[in-house]
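We name chains A, B, ... by the order of the sequence lines, and we start the count at 1 in each one. All of these numbers come straight from a predicted model, not from anything done at the bench. Note that these values count all heavy atoms, side chains included, but never hydrogens, waters or copies made by symmetry.
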Amino acid sequence: MAAPVGPIRFWKPGTEGPGANLAEERQSNAEVTSVIYNPHASLSIEQQRQKLPVFKLRNHILYLVENYQTVVIIGETGCGKSTQIPQYLAEAGWTAEGKVVGVTQPRRVAAVSVAGRVAEERGALLGHEVGYCIRFDDCTDPQATRIKFLTDGMLVREMMSDPLLTRYSVLMLDEAHERTLYTDIAIGLLKKVQKKRGDLRLIVASATLDAEKFKAFFNQNDTNDPNRDTCAILTVEGRTFPVDIFYTQSPVPDYLKSTVQTVMKIHQSDIDGDILAFLTGQEEVESVVSMLVEQARILARSGMKKHLRVLPMYAGLPASEQMKVFERVSTNVRKVVVATNIAETSITINGISFVIDCGFVKLRAYDPKRAVESLVVVPVSQASASQRAGRSGRNRSGQCYRLYTEEDFQKLPPSTIPEMQRSNLSPVILQLKALGIDNVLRFHFLSPPPAQSMVQALELLYALGGLDKHCRLTEPLGVRMAEFPLNPMFAKMLLESGNFGCSAEILSIAAMMQIQNVFVVPPNQKSQAIREHRKFAVEEGDHLTMLNVYEAFIKFNKSSQWCQQHFLNYKGLMRAVTVREQLKKMLNKFRVPKNSSEGDPDPILRCIVSGFFANAAKLHSTGAYRTVRDGHELHIHPSSVLYAEKPPNWVLFSEVIQTNKYYMRDVTAVESAWLLELAPHFYQQGTHLSRSSKRPKMDNL
DNA sequence: GAGCACTGC
């Protein structure tokens, strides 16, 4: 079905007003658009380093780090801060006497790639003077490494064994404005460390917007005399190209159709350059892709020489499909990438000249009352909108089409709510406790989470036995749970597995539950894929189904071809193997007996209950489920193997996701007697299971 | 009766 291609009128603020169109724009951009930016390709590495905007501020930065405990650096894209500042510090002596300069990144690929670049610039082999450390991959030499890139999650882990981070002289938190869960934990912890280690220097790399907030947080000057500040702000100009922003004159009724129209309008304007469109989810992406393919076909039939290559991009897409967005296209083809938020920070596609921004994003939210996470579509923040626009100005000047009015843009929140304020906090609280933060309610959070989220987390940790009634970490259970890189319910289940005689099976299940999209469903082979997937399904539910998949994968020698035949995610399964290895090492360390139930499902199911008893639901006569804990209505998620089956009376689930309804994911049938038997402290005895009145005392949060 | 933004340990 063809989407109607009507005129969308954009106007650019500050110019001639409504009616400015692409043809006029073409004049001003005609020269720059044909230049691919790489002006310094022929220069030596040293010369290239000196060309970076940050180089001019080298001495200024070193002065500030010398004289201030914390320096907030506003480093715009392309200024070279991530690669250069650690080297300046090393050159200035901050890595003398075995000390290390650490640089954190929110994402693994960034840590690895920046480390690689810096090693190259220093003519060093990666893993010696310059190294990186991410989960499953420690590429550092404890003796030789002086500049170390790591994920912020790894830094928090390191603090569990070395709370004062004694090896480090300087820590740079890169991309701090993204405010990921672990960046925020690290920020709170580092403020505490600084009080005990006056010599530790902190560099917070952030966007303009948050600089003052960071300064206010880290500044220990309680006088009015700015000369006694312990924190300074410095701005480094970026080196990107201008991006022209266009808004719609009036709100668009359907941003999917508007996206299609805008793509076609750009395409017909015959200005070169690829297009990147932002939408909120997989379904929207696929629907716009098919509309565009249809439009492109019509255009090709009408004799248009320039072709459109339309590509979807989202995290759930198989890796081979994802790779296509990075492929170069010939000059008579224009690439259109229709993406979710993955293209905002996680991946960078070169050659994008046009960005189309629908103005919305799908975000995680957390309801502390129900202990339920949900995915909600909300308007983007202004910061996010700028980030999206900037994806077009990386190689040459760009254009960004916002499918909303300028007035609506002004009404958007300046920045996205930090993850800390919209997450289930039980893993966070457990980690903080393990790091010696006794009073988590008084912990200095850069943005404190809702108190109710904390109470909810404390209650769950108490019910799992990780905290005692004074909210202190229990020995050894709580301490051990905190060591696992997992949600505490999974940790509890693993630590109990030896007692149930099924640690081998529970290891596989826990590992499988950490990966997404195990079952691959290509749109054109849907029924075939579902038929293959059904072969693994068992009536007990998703946990044992996943165990089946894992064991079959091992039995068939981890064959990628076998995965393809059965429409399974090979990369994901390989990851499950690695995760399982790591978890197995931890169980060995804690001397959890190695055993197997030898095909008997009961011990496995009972062990799952020992970790997930708080997530129980009972089938009601209405056909819907209700949580045993507090009677909230739930449904089986359509991705569950139990979805199409006769619904069991009692189920456990690993999480609830709210979309149109409240859906349980990873669902397994259980017997109600097991709940009473294995969690008597949580459920009272009676004909009806109900929430125990026992609650943790909140006298020592 | 009908669905899953993205990371990270």
Practice task
For A/I134, answer base if it contacts any base atom (sugar-phosphate contacts may also be present), sugar-phosphate if it contacts only those atoms, and nothing otherwise; contact means non-hydrogen atoms under 4.0 Å.
Solution key: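 The answer is sugar-phosphate, as A/I134 gets under 4.0 Å only of primed atoms, P, OP1 or OP2.
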
Nearest whole Å is fine: how far is [N] [atom2] from [X] [atom1]?
X: A/D138; N: B/dG8; atom1: CG; atom2: P; answer: 17 Å
X: A/L435; N: B/dC9; atom1: CG; atom2: C1'; answer: 12 Å
X: A/M154; N: B/dT7; atom1: CE; atom2: C1'; answer: 16 Å
X: A/L150; N: B/dG8; atom1: CG; atom2: C1'; answer: 12 Å
X: A/M420; N: B/dG8; atom1: CE; atom2: P; answer: 17 Å
X: A/Y366; N: B/dT7; atom1: OH; atom2: P; answer: 23 Å
X: A/R107; N: B/dC9; atom1: CZ; atom2: P; answer: 12 Å
X: A/E483; N: B/dG8; atom1: CD; atom2: P; answer: 22 Å

Can you tell me if [X] and [Y] form a side-chain donor-acceptor pair at under 3.5 Å?
X: A/T416; Y: A/R179; result: no
X: A/T622; Y: A/H620; result: no
X: A/T183; Y: A/T180; result: yes

Problem - Nucleotide-resolved protein contact map, nucleotides 1-6 of chain B, B/S/- at heavy-atom distance under 4.0 Å - result: BBBBBB

Practice task
Kindly check if the number of other-residue, nucleotide or ligand heavy atoms within 6.0 Å of NZ (A/K192) is above 12?
Solution key: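 Check fails, neighbour count at 12 or below.
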
Handout entry: A/E321/A/K324 ion pair, N-O < 4.0 Å
Key =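 Result for this pair is yes, salt bridge flagged.
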
Exercise for the section: State yes or no: are the ring centers of A/F360 and A/Y255 separated by less than 6.0 Å? Expected result: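 Ring centres of A/Y255 and A/F360 closer than 6.0 Å.
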
Exercise for the section: May I ask you to evaluate whether A/R157 reaches the phosphate of B/dG8, defined as a side-chain N or O under 4.0 Å from OP1 or OP2? Expected result: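 No, A/R157 has no side-chain N/O under 4.0 Å of OP1/OP2 on B/dG8.
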
